[in-house]
Amino acid sequence: MPIAAIEALIEVLGQSQVATVAETIDLVETQSAKLQCAVTNSIALSHGTHLFRQYLVMSLKQPGPEGKETSTQKNFDIVRQHLLRNGRLFAQRAKNARERIAVNGRRHIHDGETILTYGGSRVVGTLLGRAAEKHDFGHFVDDPIRFKVIYAIDPALETESNKVIAALRAKGVPVATIPATAVSYAMSKVDMVIVGADAVTANGGIIARLGTFQIAQLAKENKKQFVVAAEQHKFGKTFPCGQFDYGFDQGVIDFRAGSTSTSYNKIPKETLAKPIDYTKPDYVNMFIADHKVLTPSEVAKEVIDMLL
Amino acid sequence: MSTEPNGEPSQGAPQPKEQSSKSIQPPKGEKTGTAETPNALSGEKKLSGAELKKKAKEEKAAKRALAKASKEVAKGEAAVSSSPGQLGPSAGEVKGNKKGKQDATATAGSGAGGRPTPNRATPSMVAEQKATIPECFSHLPMAKRLPMTQADKSVHPAVLALGQQMATFTIDESINRLRATLLAFKRVIASYSTPAGHTLARHFTPHVLGPQIDYLTSCRPMCFSMGNAIRWLKLQISKIDMDSKEEDAKRDLCRAIDNFITERITAADEVITESGAKHIENGDVVLVYGRSSLVERTLLCAYSFGTNFSVFVIDDPYERAGQLLAKTLAAEGIKVTYCGDFGGLINHMRHATKVLFAADAMFSNGAMYARAGACDVALAANELEKEVITLCETINITERVATDSLTYNEIDPERCSAEAFRLLFDTTPVKYLNALITELGCVASKSAPILLRKLEEFN
């Protein structure tokens, strides 16, 4: 979603007739706001648009060709063209991020380990898939890593999970599927938990599929590594104070009384299509991002450097 | 660490209660020679002749030591100071007072009538304070009410008045002290004219600004934000072009100060208030400690957003400022529960969902410097996994580091006796704090040093 938003913004910028720096920023902001209004859970989206806005400000601040200010008309046009070209590159780079995370993550998975994962993250899928492949660095060749995977299944995400599981099994990785209720039971067999995230918060926590937080708590309780694989464009300045501070209501907790029906509130009904929860940085051991591997406090530092 | 168990000053502070609350003096206030001469005199009479003599001697010795050490003392000081010193403190003090009053109202700052020696009380008071406070706490400063007459002659009347307000805790919150200080300095700049043969950039800081700062510091130890702002101001002064006209330079400086106040205090407060209010949700029970105007405004702002929440006020038993907060909030229609002290704190905390603090300063290790007792509240909140949110303007972030409450602190001048004293602040370790809301945004508390570095980049 963040990348789609960034691409949309670049498209708008290409079509528009803005002539000044202020107009450009203004346009990006109004369009971002429109995008955010269109979805209930706009956290990941806002991270993407905010990053792009910040990127624009940075580029526009820089002196144009011949070291002149961008505020002059001629220079602005040149910078704008440059920006559009680079903007596409920016989006392309974001798309390639998954592969680079796989390269960064590979050295953190070792022979004989058992990895537990949850949800349908494509980042994690790619990371595990590449780790099971032979990797040719040019000057030397890395053999496939022999590891096992325990996949905790969320019924709501079965299709996504099944894709990843099928791909891994095809590569010869032994995969066991367990219901999310069996995570605690299986935890002693696990060496490391790797999950993806919807968004990474300003303090180095994550916002991810509902259920991630409890797995993080179980991992910490069992002293297992809890690793998050997330691209840099998911970093943002959201800072939830607790589970209910997202700015929108998920409707997960729904009190009822007096009804004769025994049907319990199945989560997807009357709730957000993809409910989320927030995992505090205390529970995360490591982030594998596309540019490097970081600790939660390093993430916090990057967010401040990048976005404030 | 010995702090007093109850609010009443126990032994060693012989004044009646009304007096101690009206004028804040160290326990043996007779030598401070405040405006309340009759009280000072009555205190004086209790001393025997021998004691008086001894005290006069001590005073004289201390004065000499100080005169040697400090440059700011006027040239003729030594000669003048010796004679009233021998007259005995009472007579000398009364005289000085009367004269001083006239000075302050009429021509204060001109320094023509400032004959009663500038730093008279300082040495004796320092000596006295050291005697009551145990050696290991002697590094902790204490606010004291310096008579205006004893200020350096170059202290501006606006600063003199401010010093009194700070010493009496009339202006208490660090951000208000900062604002008042900057406004006073603006007036100092406006009334300044460069002497012949000097330039503003070189002359102003050491000869004019210096004494103002010294005076303010002697009234009440500077808060961290004042330190930060003064460093900034000195930098601005040093940047002034030597060749620029004095009028222009003064105008630019005043404008810079105005901008600084707008950006770092007024606008910052607005941003913090609003973003703090956004973190309060429907159904929240916000626990606050004592009263801070920033927290008060944040709660009112959240209420104006239409958020349905209630507030639990835990008060500082020594100040009871929380009562004011509770009244203000209740008058607006917010549901408030009030508790006057820490009794049942953990039980109250169970009902809370969030804890809101306003920091007096943030150390660069993320620790919070706030009203004494804040750490206890944060500890309880952490014990029950409650979210602790700190509100703080970035000007309050200092590059210093504190891991305990004794490195930087202040002694409560109203509760300081020979056997016990109370500290005004404490330091809350970063592990008990979750979010830090500044005008730059909401970050993790341990990111305070990153904000600091970011601010340096801006400048």
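Order of the sequence lines fixes the chain letters, A, B, ..., with proteins taken first and strands second; residue numbering starts at 1 for each chain. Please read all numbers here as calculations on a predicted model, not as lab measurements.
- Using a distance-only test at 3.5 Å, with no hydrogens or angles considered, no donor-acceptor pair links the side chain of B/Asn308 to the main chain of B/Gly283.
- Comment: B/Arg453 engages A/Asp305 in a salt bridge, judged by a side-chain N to carboxylate O separation of less than 4.0 angstrom.
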Set out, in order, the CA-CA distance, both residues' side-chain angles and the distance that settles side-chain contact (heavy atoms from CB on, under 4.5 Å) for A/Phe244 and A/Ile253, then state yes or no.
CA-CA 11 Å; A/Phe244 300 93; A/Ile253 301 172; 3.8 Å; yes
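- Listed by sequence position, A/Phe239, A/Cys241, A/Gly242 are the residues of residues 230-243 of chain A in contact with chain B, using a 4.5 angstrom heavy-atom cutoff.
- The aromatic ring centroids of B/Tyr369 and B/Phe425 lie less than 6.0 Å from each other.
- Not a single donor-acceptor pair under 3.5 Å links the side chain of B/Gln236 to the backbone N or O of B/Ala256.
- For B/Ile389, the part sitting under 4.5 Å from any heavy atom of chain A is the side chain, from C-beta outward, and nothing else.
- Ring centers of A/Tyr246 and A/Tyr278: at least 6.0 Å apart, outside the cut-off.
- Of the atoms belonging to B/Lys354, it is side-chain heavy atoms, and not backbone ones, that fall under 4.5 Å from chain A.
- The closest side-chain donor-acceptor pair between B/Tyr338 and B/Asp315 falls under 3.5 angstrom.
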